[in-house]
Asker: 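Sharing a structure, written as structure tokens. Questions coming.
Only a predicted model underlies this, so the values are computations on that prediction, with no experimental measurement involved. Keep in mind that the numbers below use all heavy atoms, side chains included, and drop hydrogens, waters and symmetry copies.
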There are 2 protein chains.
Amino acid sequence: MQRYFIDQVVKAKEIKIKDSDYHHIKNVMRMVKDDLIEIVDLDGFIYLGRILDFNNKEVTIAIEEKLLENNELNIEVTLALGLVNRNKTEEVLRRAVELGANKFLSVKLKRSVIKHIDDKLDRKEKIVKEASEQSKRSKLMAIEETKTLKELIEYSKDYDLRICCYEEAEKNTKSLKDLLKEKHKKILVLTGPEGGFEESEIEILKANDFKIVSLGKRILRAETAPLAIMAIIAYESEQN
Amino acid sequence: MQRYFIDQVVKAKEIKIKDSDYHHIKNVMRMVKDDLIEIVDLDGFIYLGRILDFNNKEVTIAIEEKLLENNELNIEVTLALGLVNRNKTEEVLRRAVELGANKFLSVKLKRSVIKHIDDKLDRKEKIVKEASEQSKRSKLMAIEETKTLKELIEYSKDYDLRICCYEEAEKNTKSLKDLLKEKHKKILVLTGPEGGFEESEIEILKANDFKIVSLGKRILRAETAPLAIMAIIAYESEQN
């Protein structure tokens with residue numbers, strides 16, 4: 001069933017949907033009276049809705065029942081990605097939503113090929129909303145402001161576990177598997193830009209209690225590493 | 001160090017490289033005399049090479065030493081993907097190489113939006129070669145012919161473990177984690193096309209000893225599911 005994230009709180013037996021969701025329901029999905037949709041409201045509650053009526057700018061939905069489904073991870077994961085270009089960032093955004101991340105941010109690192117990304121928050125939020133509807137999330141992934149390494153470290157203090165994925169992780173440190181066996185509530189994951197991390201950055205991260213882990217023997221591209229680590233975290237948190 | 005897969009077996013102290021690798025070394029990487037490269041030969045052995053000389057169609061490389069590096073998974077994994085369009089197939093190909101898959105094939109399933117993909121093997125092999133060089137593989141992922149479900153089942157008999165990733169996997173069957181804890185040598189993984197599997201296909205797969213597993217509570221897109229399962233298999237096989 002098609003899912004829509006609406007920017008209101010469901011308080012009554014009927015709600016009205018306008019703008020792009022209205023367009024999607026009417027013109028893309030070509031739904032008609034009595035078709036059913038799922039609605040996620042601003043409080044993150046999910047409702048079953050039935051289409052009552054269209055006019056030329058809004059659709060009226062009857063709220064049939066509150067659904068108890070929860071497709072969220074049982075830990076909070078923030079994904080921090082070394083600054084890469086917009087296409088790659090958008091691809092990672094989409095898949096991070098599918099794989100359950102709660103927050104996303106870019107980090108300016110020394111080897112980032114691009115030095116600046118215009119934070120088109122509108123466009124990013126649209127991507128997150130669409131991917132959330134498709135993957136049946138009940139919470140929207142938040143997009144935080146792009147940070148410097150120093151700002152990231154300050155920001156990371158609030159987390160139980162800080163992981164940095166680095167292809168040259170030392171063999172004698174704790175493995176990713178050992179780290180994920182410990183129960184954490186809030187994890188921050190950092191992956192590098194195209195050129196990877198500089199050693200000096202790794203030293204700073206280590207000194208600030210980031211655990212440096214390898215994602216395997218092969219070199220993963222900047223867009224692949226965040227997906228791999230998110231898939232692994234979801235796997236460890238959901239499979240028993 | 002840049003890695004090149006060459007279509008010859010290293011038998012002498014010097015080799016000559018032509019065509020696209022020659023172009024890449026000379027014009028893309030702008031390498032000069034005495035620069036070092038890694039060479040993977042047709043037998044899968046890796047050598048350290050030093051550039052001796054260019055002429056206008058080939059570069060002569062001195063073989064310095066044989067390297068003992070092995071970045072391959074310690075299990076053989078074949079990835080079978082429900083037939084999707086060429087862009088998506090190529091994206092999955094690239095990332096499957098990075099994540100360590102040994103073989104790849106497409107499977108015609110009922111909900112595949114496209115019914116036919118022209119098997120441009122040249123182009124696919126070029127993608128595999130480039131991704132292998134970048135990710136430091138020492139074996140090239142093989143591309144098998146597109147199969148029907150019936151052909152896939154016949155083909156799968158040769159494997160120790162057959163996994164099908166399905167969002168509606170039953171809760172009372174073995175989890176992916178339980179399956180991966182058992183030691184297997186050859187795993188076949190099947191993921192669906194955009195529209196997912198039909199129930200009748202799942203029934204046929206079950207009857208042919210495919211284990212039906214979930215990759216988590218969210219719905220993954222056709223291009224994301226193969227990456228998630230490959231990342232998880234690599235993680236379980238490489239992290240101790």
Side-chain angles (χ1 to χ4, degrees), chain A residues 1 3 69-74 91-92 94-101 130-139 141 165 167 169 171 174-181 194 213-240, chain B residues 1 3 69-74 91-92 94-101 130-139 141 165 167 169 171 174-181 194 213-240:
Chain A
M1 196 179 306
R3 171 170 293 197
E69 184 200 62
N70 176 9
N71 294 337
E72 298 300 311
L73 292 177
N74 51 21
E91 193 199 322
V92 173
R94 273 191 204 96
R95 298 199 197 284
V97 168
E98 292 176 65
L99 294 163
E130 284 172 2
S132 302
E133 289 168 355
Q134 192 168 31
S135 59
K136 304 259 171 182
R137 294 285 303 265
S138 43
K139 281 185 195 155
M141 181 174 80
C165 303
E167 62 274 22
K171 294 249 159 55
K174 264 194 186 178
S175 74
L176 179 57
K177 194 165 221 169
D178 289 336
L179 291 168
L180 295 180
K181 266 183 202 153
E194 285 95 342
V213 302
S214 158
L215 290 179
K217 290 187 272 186
R218 292 151 306 282
I219 308 291
L220 301 182
R221 283 190 299 170
E223 318 91 276
T224 309
L227 317 181
I229 181 75
M230 280 307 308
I232 291 164
I233 290 174
Y235 167 77
E236 282 290 9
S237 110
E238 292 185 329
Q239 303 253 348
N240 305 305
Chain B
M1 197 178 306
R3 171 169 294 196
E69 183 201 62
N70 176 10
N71 294 338
E72 298 300 311
L73 293 177
N74 51 21
E91 192 198 321
V92 172
R94 272 190 205 96
R95 298 198 198 284
V97 168
E98 292 176 63
L99 294 164
E130 283 171 3
S132 301
E133 289 168 353
Q134 192 168 31
S135 60
K136 304 258 171 179
R137 296 283 302 265
S138 43
K139 282 185 195 157
M141 182 175 80
C165 303
E167 62 275 23
K171 294 247 160 57
K174 263 193 186 178
S175 72
L176 179 58
K177 193 165 222 170
D178 289 336
L179 291 168
L180 295 180
K181 265 183 202 157
E194 285 96 341
V213 301
S214 158
L215 290 179
K217 290 187 271 186
R218 293 152 305 284
I219 308 290
L220 301 182
R221 282 189 302 170
E223 318 90 276
T224 308
L227 316 181
I229 180 76
M230 280 307 308
I232 292 164
I233 290 174
Y235 167 77
E236 282 290 10
S237 108
E238 291 184 330
Q239 304 252 349
N240 304 305

Asker: With a 4.5 angstrom heavy-atom cut-off, is it the side chain or the backbone of Glu91(A) that approaches chain B, or both, or neither?
Answerer: side chain

Asker: Mind ranking Leu227(B), Leu215(B), Leu73(B) by heavy-atom pairs under 4.5 Å with chain A and telling me who comes out on top?
Answerer: Leu73(B)

Asker: What part of Leu176(B) gets closer than 4.5 Å to chain A, counting heavy atoms only: side chain, backbone, both or neither?
Answerer: both

Asker: For Arg137(B), enumerate each residue passing the side chain to side chain donor-acceptor pair (under 3.5 Å) test, keeping only those at least two apart in sequence or located in another chain.
Answerer: Glu72(B)

Asker: Less than 4.5 Å to any heavy atom of chain A: does that hold for the side chain of Val97(B), its backbone, both, or neither?
Answerer: backbone

Asker: Please classify the contact of Ser138(B) with chain A as side chain, backbone, both or neither, using a heavy-atom distance under 4.5 Å.
Answerer: neither

Asker: Are any non-hydrogen side-chain atoms of Glu98(A) and Gln134(A) less than 4.5 angstrom apart?
Answerer: no

Asker: Quick one, Arg218(B) and Glu238(A) - any side-chain contact, counting heavy atoms below 4.5 Å?
Answerer: yes

Asker: Do you know which of Ala131(A), Ala231(A), Ser135(A) has the most heavy-atom pairs with chain B at a distance under 4.5 angstrom?
Answerer: Ser135(A)

Asker: Using a cut-off of under 4.5 Å on heavy-atom pairs, state which of Asn71(A), Val213(A), Leu220(A) scores highest against chain B.
Answerer: Asn71(A)

Asker: Answer yes or no: is there an ion pair linking Arg94(B) with Glu130(B), defined by an N-O contact shorter than 4.0 Å?
Answerer: no

Asker: Select one option (side chain, backbone, both, neither) describing which atoms of Ile229(B) are under 4.5 Å from chain A's heavy atoms.
Answerer: neither

Asker: Using a 3.5 Å distance criterion without hydrogens, assess whether the side chain of Gln239(A) forms a donor-acceptor pair with backbone atoms of Asp178(B).
Answerer: no

Asker: Check side chain to side chain contact (heavy atoms under 4.5 Å, CB included) between Ile219(A) and all other residues, then give those that pass, not counting sequence neighbours.
Answerer: Glu167(A), Lys136(B)

Asker: Would you mind checking which part of Leu180(A) comes under 4.5 Å of any heavy atom in chain B, side chain (CB onward), backbone (N, CA, C, O), both or neither?
Answerer: side chain

Asker: How long is the span from the CZ atom in Arg221(B) to the CZ atom in Arg95(A), to the nearest 0.5 Å?
Answerer: 5.0 Å

